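Here's the structure we're looking at; comments come further down.
This is a predicted model, so every value here is computed, not measured. As the structure lists them, so they are numbered: ligands from 1, and atoms in each ligand from 1. FYI, side chains are in, hydrogens and waters are out, and symmetry mates aren't considered; it's all heavy atoms of this structure.
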Amino acid sequence: MTRDDCEALDRRDPLAAHRDAFALPDGVIYLDGNSLGALPRATLPRLRQVIEDEWGERLIRAWNDAGWIEAPRRVGAKIAKLIGAAPHEVVCADSTSINLFKVLAAALKLQSERPQVSMRERRLIVSERGNFPTDLYIAQGLAEWLGGRYELRLVEFNEVTAAIDESVAAVMLTHVNYRTGAKHSLTSVTYRAQQAGALAIWDLAHSVGAVPVDLNAAHVDFAVGCGYKYLNGGPGAPAFLYVADRHLKALAGERFVQPLAGWLGHRAPFDFAPDYEPARSIDRFCVGTPSILALAALECGVDTVLAAGIDALRAKSVQLTELFMRLVEERCAGFGLRLVTPRDAGYRGSQVSLAHANAWPIMQALIARGVIGDFRAPDILRFGFAPLYLRFVDVWDAVEALREVLTSGSWDQPHFHQRKAVT
Ligand SMILES: Cc1ncc(COP(=O)(O)O)c(C=O)c1O
């Protein structure tokens, strides 16, 4: 494999033209689209339009006239196409953390009202010890707020299925692990959970927009996901949540299915009634006024993914990650790097993680050379491959930069050792 070979791959790449949809800075190879997606070219003019024409000219009328009030459902319906959901099962709202709180609470509520399949009390929420901390904190907090009725049980990645039995109320996992890039089987874990009478809740933060997901085919109960990673929605973009149609129907007669009963979850918010009466749709998972600017930016980002098609994106993502692993093995051997991500494409998302004792300063040295990945404590160099705007030649150049940083030892300068607030 040579750089020329990579250029040849780029010439044959059916997604090559999609890179033009992004405003990427010169001299940068961006391998952090799994953390903050790049800026779509369409976003700036769209935000200008929303600010100048809609907010500036139409003022309050824009809630009706410019489709503002429908934006959470409209953008949710677009995301639904990427995750195998029906349009009415997805809505954009809040952050991933808050959405997880809402759907976990709803799942526990559903469980508490179901006839039990066994005499054992369902008091466990099962998750992975290496899950993203916010997911674990939300579950811990909710369990404590519910008076200790539930307990979060953490197991290793490979122990999840074995840990599911009839004492489990909910299995709450992130599809693709943020640190290792390892991917759970959404279908078989969901199946196992439901066989034991548990509900399956998935965090799609590291899959949506890069890995095909079919929530309805897998019969998933609830899901949440992030707008600012592979969906390119911008820093702090709104997140989304999914509730399976069968649960929307089952919950329709319930007044409070999740604790954050805000006015935009009300059946008729503009009746301004003193008593809460929930919407009979997924709207009941909405809480307060959405950020219209943020939703407009998210919609531009989601459109970039829809334009390419998720299957084509996955095919290229597998090629990019495969190439990166192969080149690192061939060209960076002997420097103490250890591949953490599964070699088998079926078991990984769209990132490659390498462990190294000096991962932090090595990543700082790479960033100084324009190759932007990130660091995850304690020792992970994390490289995300966003197939919409990355080229094969970028993979070659990134590995060359890594090789030079390691060979020259340039990472071992004092300023590269200084930690920053965001890693
Ligand atoms: C798996 C996962 N869940 C949730 C989050 C973040 O949630 P929030 O957007 O609420 O900060 C992240 C952020 O990286 C994540 O990786």
Side-chain angles (χ1 to χ4, degrees), residues 31-38 72 75-76 79 83 91-105 125-142 152 154 157 160 170-184 186 189 200-211 213 215 220 222-242 258 260 285-288 290-291 294-295 297-298 301-302 340-341 348-353 372-377 380 382-386 421-423:
L31 302 181
D32 219 358
N34 55 322
S35 200
L36 174 64
V75 184
I79 294 172
I83 56 174
V91 71
C92 287
D94 306 310
S95 65
T96 308
S97 307
I98 293 173
N99 288 338
L100 193 62
F101 178 82
K102 291 184 280 186
V103 299
L104 179 59
I125 301 163
V126 166
S127 194
E128 190 192 329
R129 190 164 290 112
N131 198 349
F132 190 79
T134 208
D135 298 41
L136 303 182
Y137 304 160
I138 290 285
Q140 286 163 19
L142 185 58
L152 178 64
L154 299 181
F157 186 92
V160 169
V171 178
M172 183 199 78
L173 291 170
T174 296
H175 186 205
V176 173
N177 185 287
Y178 78 104
R179 190 188 268 131
T180 64
K183 179 161 75 71
H184 283 286
L186 194 93
V189 176
I201 304 169
W202 289 96
D203 182 338
L204 305 176
H206 292 273
S207 9
V208 65
V211 178
V213 175
L215 294 178
V220 165
F222 297 91
V224 297
C226 186
Y228 50 78
K229 299 179 187 292
Y230 296 107
L231 292 184
N232 309 312
F240 64 90
L241 66 85
Y242 157 92
Q258 55 94 5
L260 301 181
F285 284 84
C286 296
V287 183
S291 163
L295 276 166
L298 174 60
V302 172
V340 173
T341 304
R348 68 168 184 266
S350 198
Q351 75 183 58
V352 177
S353 299
I372 303 182
D374 62 22
F375 165 82
R376 285 294 171 262
I380 300 282
R382 193 171 71 149
F383 300 93
F385 294 85
V422 176
T423 63

* Structure fact -> Here the atoms of ligand 1 under 4.0 Å from any heavy atom belonging to Thr174 are 1 (C)
* To do: Identify the two heavy atoms, one from Gly349 and one from Lys183, that lie closest to each other, and give their separation to 0.1 Å.
  => N-CB, 4.2 Å
* What closest approach, in Å, do Ser127 and Leu136 show between heavy atoms, and which atom pair accounts for it? -> OG-CD2, 3.7 Å
Side chain, backbone, both or neither: [X] near ligand 1, heavy atoms under 4.0 Å:
X      : answer
Asp203 : side chain
Ala205 : side chain
Asp135 : side chain

* To do: Describe, in one word, how the ring planes of Phe285 and Phe222 are oriented to each other, choosing from parallel (under 30°), tilted (30 to 60°) and perpendicular (over 60°).
  => tilted
* Asked: Can you say whether the rings of Phe132 and Tyr178 are parallel (under 30°), tilted (30 to 60°) or perpendicular (over 60°)?
  -> perpendicular
Which residue holds the protein heavy atom closest to [atom], what is that atom called, and what is the gap in Å?
atom                    : result
atom 15 (C) of ligand 1 : Phe132 CG, 3.4 Å
atom 16 (O) of ligand 1 : His206 NE2, 2.7 Å
atom 10 (O) of ligand 1 : Ser97 OG, 2.6 Å
atom 11 (O) of ligand 1 : Tyr228 OH, 3.5 Å
atom 13 (C) of ligand 1 : Lys229 NZ, 3.3 Å

* Structure fact -> Output for pair (Leu31 CG, Arg382 CZ), nearest 0.5 Å, gives 11.5 Å
* Interatomic distance, Leu152 atom CG to Asp135 atom CG [nearest 0.5 angstrom] -> 10.0 Å
* **Test side chain to side chain contact (heavy atoms under 4.5 Å, CB included) applied to Phe240 and Ile83, Val224, Val75, Thr96, the passing residue** => Ile83
